Amino acid sequence: MQSDFDLLATLIAILNNEQRVVGANAALEGMLGISRRKLFGLPFGHFMKDSAALDLAFSKGNNSPEQSVFRFQAALQDLGRGEQIIEVHANLTKVDAHGDWLLEMWPQSEQAKHYQDGQLHELAEANKMLLRNLAHEVKNPLGGIRGAAQLLGMEMVEPELHEYTQVIMHEADRLQALVDRLLEPHRHPQSVEPVNIHEVCEHVRSLILMEYPKGLTIEQNYDISLPDVQGDKNQLIQVLLNIVQNAALVLRPKIELGLAHIELRTRVARQVHIGKKLHKLALELHVIDNGPGVDPEIRERIFHPLVTGRDDGTGLGLSLAQTFIQRHHGMIECDSVPGKTSFVITIPLP
């Protein structure tokens, strides 16, 4: 039972009739900062800022002849210092006739975040399917248009008319390149192998510094104890390159002044929720720049296809990056204010 509960992101405690802990899952251990061995036998009300709601739920449950779910809200607190940790939604259910109770808790902020993540994931999947189908529909007639323009250009003798066919061919090629980028994530199977994330960082760092040799500093802030990630190295390079290139482009005014700064930071994160799943360990790769920040009007949509804040942008770089990271069972998040933008790539560790 315990191993099954450990797979859940929900905070789980098994209580006896005296409200004492007889079981807990990894998510609850991580939230309270106490191992289940030390939790065993302790009154769970001690971990609540006010245990009145829990007492009332137990009272109703003992007086109810049928198995029911009793819902309430509570605030968990640090047992030693008495400081509030987090507010939770809770369900209390009587498990069996022996007197065991199942207490399920969802952090209120996490519940909202999980719902938002789920909505974004569903929208991203719908957008990818729509664009993939659209790209396939556009590809064939686009090739026909270019071929017809090429044949027409061979028949033209007037230079002005020949120039028009060249414009048609050039624009058809540009649209073909856009279609190819839309189809890119679906063309190549993923190659999974151990990947040293710092090799990925250093490769991207060297590429960007070759493009911007003066005026840009890229700081290395690495946790060298990080284990390898199971993933596709080429896709991870493409993800990081897209994000760092975007940062460098918006930093151009500061690059000219010699004030541009990007930080690549790697850390191990514990008890991480990605979507609706809890992971004991995860890699967090932060890309932090001191640029002007993401336009608030597009901040919530920057991972959607064809959304861009630059006049010369296609809006595909971040969408492609998110797709590749989702293939690694991870996600990319962005937090941006003027003067500091942080993209955080989170990938589960084995």
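All values below come from the heavy atoms of this structure, side chains included, with hydrogens, waters and symmetry mates left out. On a predicted model such as this, the values are computed, not experimentally measured, just so you know.
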Carefully, step by step, assess E199 and K233 under the rule salt bridge (charged side-chain N to carboxylate O under 4.0 Å, His left out). CA-CA 9 Å; E199 291 180 1; K233 187 173 183 178; 3.2 Å; yes
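- Counting heavy atoms from C-beta outward, I34 and F47 have side chains that approach closer than 4.5 Å.
- Side-chain atoms of N91 and E104 form no donor-acceptor pair, as typed in the model, at a separation below 3.5 Å.
- Contact annotation: the side chain of I218 approaches that of I208 to within less than 4.5 Å [non-hydrogen atoms, C-beta and beyond].
- Checking E29 against N25 by side-chain atom types alone, no donor-acceptor pair falls below 3.5 Å.
- The side-chain heavy atoms of I288 and L264, taken from C-beta on, include no pair separated by under 4.5 Å.
- The closest side-chain heavy-atom distance from L15 to V22 is not below 4.5 Å.
- A donor and an acceptor atom, one from each side chain of E284 and H286, are located under 3.5 Å apart.
- Between L251 and L249, the closest side-chain pair of non-hydrogen atoms is not below 4.5 Å.
- Taking 4.5 Å as the limit, every side-chain heavy atom of V229 sits out of range of all side-chain heavy atoms of N196.
- Contact of the L283 side chain with the I197 side chain is registered, since non-hydrogen atoms from C-beta on lie closer than 4.5 Å.
- Between R267 and Y222, the shortest heavy-atom distance links the atoms NH1-C, 4.2 Å.
- Side-chain atoms of E263 and N290 form no donor-acceptor pair, as typed in the model, at a separation below 3.5 Å.
- No side-chain donor from either of Q245 and Y212 sits under 3.5 Å from a side-chain acceptor of the other.
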